[in-house]
Q: 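I have a structure I would like to understand better, so I am pasting it below and will then ask my questions one at a time.
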Amino acid sequence: MVDDPGLKALGEAARLSPDNLPLRRHLAEQLLNKGYLADAEAEFRAALVLAPKDPDIMAGLAEAFVRQSSHGEALSALEPLLAVGGYPPRVGVLAARALLGEGSVHKAAYRYHEAVSRDPSVADADLAARLVIPLPAATAPSAPPAATAPSAPSVSPAPPPQPAGSTYLGPSSATHERSTAEVERSAFSFADVAGMDEVKEALRVKLLLPVQQPELFAAFGKRAGGGVLLYGPPGVGKTHLARAAAGELGAAFVSVGLADILDMYIGSSERNLRATFDLARRHRPCVLFFDEVDALAARRSDMRQAHSRQLVNQFLSELDGVDQSANEGVLVLAATNAPWYIDVAFRRPGRFDQLVFVPPPDAEARAAILRILCRDKPLAEVDFGAVAKVTDQFVGADLKGLVDRAVEIKLQESIRAGRPIPLSTRDLLAAAKAARPTAVREWMATARNYVMHANESGAWDELMPWIQRKW
Ligand code: ADP
C-alpha cells in the first residue's frame with residue numbers, strides 16, 4: 001500500500017488519465033525509486049502496453065523484478081533489449097544481476113564486463129566482487145591430441161551435474177583448443193515431447209531421415225546437412241526438443257550455451273566456437289545445439305564492435321565447413337526467442353536454412369505435457385484435461401514449475417502423514433491457481449510488430465495465424 005501523499009496524487013492522476021504515457025512512466029519510476037516494487041512493476045507493465053518497445057520502460061520493469069528477486073522474469077523483460085548489439089550499458093548490468101540471481105555466474109560476468117567496458121560509470125563494486133571471472137578457455141593448458149596421447153589410467157574428475165535424461169560421456173578429449181561444452185547421450189526421444197507433431201515431422205525429415213535412410217536421399221540427389229533454427233517464446237520446449245532429436249537419432253548431443261563461447265578476451269570467443277564445432281565433429285553422428293543463438297549470430301549491422309562481427313563471421317565459416325564433408329554427420333540445431341535479430345546470412349542454404357516455429361502448447365498439448373511431467377510421480381486419478389483448461393498461455397516450462405510446486409507440497413504433507421499421499425487433480429489445480437504464465441503474451445506482442453512491419457522477405461509468415469489470436 002502506497003502511503004506517500006505525492007505518489008498517491010500521481011497515482012490518482014494516472015488513474016484519471018490512463019493513456020498518458022509520460023505520466024505513467026514518471027509514476028512508475030517514482031514508485032521504483034521509493035521502493036514500492038510491486039506497484040512499480042504494475043505501473044511499468046501498464047506503461048509497456050502503451051509503448052511496447054520503449055527500452056527505458058523495459059529496463060524499469062526488469063529492475064523492479066530484480067529487486068524483488070524475480071530473476072527469470074527480469075531476464076524475460078530484458079531479452080528484447082539484450083538481443084540487439086549495443087544495448088544500453090545499464091541494461092547489461094541489470095542482466096548481470098538477474099543472471100547472478102539465477103546462478104549463471106559466467107554469463108553474468110560477461111554481461112557485466114561488456115557493459116562496464118562501454119560505460120565505466122555503470123560499474124558496481126559490490127556486484128563485481130560477486131562475479132568470479134572465469135579463466136579464458138584459450139589459456140587453459142591444452143591436453144595432447146587424443147590419438148597420440150598414451151592411454152594412461154588417470155583419476156577422472158567428478159562429472160558435472162547433468163540435465164535429467166542424459167548421460168555424461170566424460171570431458172571432451174582435447175585437440176589444440178578445449179571446448180567447455182560437454183558430450184551427452186540423451187535418454188529422451190520424441191515420445192518424451194508432447195504435442196508439436198508438425199515440428200517433430202519437420203525435424204524428422206530434415207535431420208533424421210537423411211541419416212536413417214541415406215540411400216533414399218542419395219537416390220534423389222539430396223545431401224544431408226544444413227541446420228534448423230527453432231524459434232518461439234521462452235520455455236516452449238526448444239531445448240527439450242533438440243535433446244529428444246539427438247536421442248531419437250541415437251546421436252551424441254552437445255549443448256552449447258553462451259558461457260561456452262563468449263569470452264571477454266578478444267579472439268577467445270572465436271577459438272571457443274571452433275573448438276566446439278571440432279568437439280561435435282569428433283563425436284559424429286552428433287546433434288550440436290546452440291541455445292540463445294541470437295547472441296552469437298546477431299545482425300552485423302547492429303554491432304558496434306568489430307570483434308563481435310568477427311565472431312559472426314567465424315560462426316558462418318564453421319557452418320560452411322572447410323570442405324563439403326567437414327560437417328557430415330553433424331546436425332546443427334539452434335534455438336532463439338528472438339529470431340528477428342539474427343543476421344540473414346545465417347539463413348542461406350547449408351546454414352540455418354530451415355526456420356521452425358515452436359508454438360505455445362494448446363489445451364490438448366498442455367494435458368499431454370502434464371501427463372509426461374507427472375508420469376513418474378505417485379498419482380491418484382488425475383484429470384489432466386481440467387488442469388490444461390485453466391492453464392491457458394502456460395508453456396512447458398511453466399507447467400513444469402507448476403508440477404514441481406504441487407509435488408513439493410505433497411511431499412511435505414506425506415512427511416507429516418508418514419505415508420505417501422498421491423498427487424490429485426485438486427493439487428494441480430491449486431498449484432495452477434497460484435502460478436502465472438511467464439512470457440507468451442509479451443513475446444506475441446513483439447512478434448506482432450515484426451510480422452506486421454518487418455516481414456518483407458516473408459520469413460515470419462508462419463506466425464501470422466498466431467499473432468492474430470488474442471493473447
Ligand atoms: P526453451 O528451450 O524453449 O526455453 P525448454 O526446452 O527449456 O524450453 O523447456 C523447459 C522444460 O519444459 C523442459 O525441460 C521440459 O521439462 C518441459 N517441456 C517443455 N515443452 C515440453 C513438451 N512439449 N513436452 C514435454 N515437456 C516439455
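Counting starts at 1 for both ligands and their atoms, in listed order.
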Q: Under 3.5 Å, N or O to N or O, is Ile372 touching ligand 1 that way?
A: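 Between Ile372 and ligand 1, no N or O pair is found under 3.5 Å apart.
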
Q: Of all the non-hydrogen atoms in the protein, which one sits nearest to atom 10 (C) of ligand 1, and at what distance?
A: Ala397 CB, 3.8 Å

Q: Would you mind checking which non-hydrogen protein atom is closest to atom 19 (C) of ligand 1, with the distance to 0.1 Å?
A: Gly396 CA, 3.4 Å

Q: For Arg204, is there an ion pair with Glu201 - N to carboxylate O distance below 4.0 angstrom?
A: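 Looking at Arg204 together with Glu201, the answer is yes, because their closest N to O distance falls below 4.0 Å.
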
Q: Do any nitrogen or oxygen atoms of Gly237 lie less than 3.5 angstrom from nitrogen or oxygen atoms of ligand 1?
A: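 Yes - when backbone and side-chain N and O of Gly237 are compared with those of ligand 1, one distance drops under 3.5 Å.
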
Q: For atom 15 (C) of ligand 1, which candidate among His240, Arg366, Arg243 provides the closest heavy atom?
A: His240

Q: For Arg351, is there an ion pair with Asp343 - N to carboxylate O distance below 4.0 angstrom?
A: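 Salt bridge: no.
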
Q: With ring centroids as reference points, do His240 and Phe188 lie under 6.0 angstrom apart?
A: yes

Q: Answer yes when Asp278 and Arg274 have at least one side-chain N-carboxylate O distance shorter than 4.0 Å, and no when they do not.
A: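 Judged by the 4.0 Å cut-off on N to carboxylate O distance, Asp278 and Arg274 do not form a salt bridge.
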
Q: May I ask you to identify the nearest protein heavy atom to atom 2 (O) of ligand 1, giving residue, atom name and distance to one decimal place in Å?
A: Thr239 OG1, 2.6 Å

Q: Centroid separation under 6.0 Å, is that true for the rings of Tyr231 and Phe352?
A: no

Q: What is the nearest protein non-hydrogen atom to atom 11 (C) of ligand 1, stated with its residue, atom name and distance?
A: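 So the nearest neighbour among protein heavy atoms is Lys400 CD, 4.0 Å.
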
Q: Under 6.0 Å between ring centres: does that hold for Trp460 and Tyr450?
A: no

Q: Mark up the atoms of ligand 1 that fall under 4.0 Å of a heavy atom belonging to Val193, in ascending order.
A: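 Per the distance check, 23 (N), 24 (N).
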
Q: Would you check, one step at a time, whether the test side-chain hydrogen bond (donor to acceptor under 3.5 Å, both in side chains) holds for Asp260 with Thr180?
A: CA-CA 6 Å; Asp260 295 309; Thr180 55; 2.7 Å; yes

Q: Taking C-beta and beyond as the side chain, do Leu61 and Arg45 meet within less than 4.5 Å on heavy atoms?
A: yes

Q: Taking only non-hydrogen atoms of Gly235, do any sit less than 4.0 angstrom from ligand 1?
A: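 Per 4.0 Å heavy-atom rule, Gly235 contacts ligand 1.
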
Q: Under 4.0 Å from a heavy atom of Met196: which atoms of ligand 1 are those, numbered in the order shown and with their elements?
A: 23 (N)

Q: Do Val287 and Val254 have side-chain heavy atoms sitting under 4.5 Å apart?
A: no

Q: Only heavy atoms of Asp192, strictly under 4.0 Å: list the atoms of ligand 1 that pass.
A: 24 (N), 25 (C)

Q: Could you identify the single nearest non-hydrogen protein atom to atom 24 (N) of ligand 1 and state the distance to 0.1 Å?
A: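 Protein heavy atom at minimum distance: Ala194 N, 2.9 Å.
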
Q: For atom 20 (N) of ligand 1, grab the closest protein heavy atom and report residue, atom and distance to one decimal in Å.
A: Val236 O, 3.3 Å

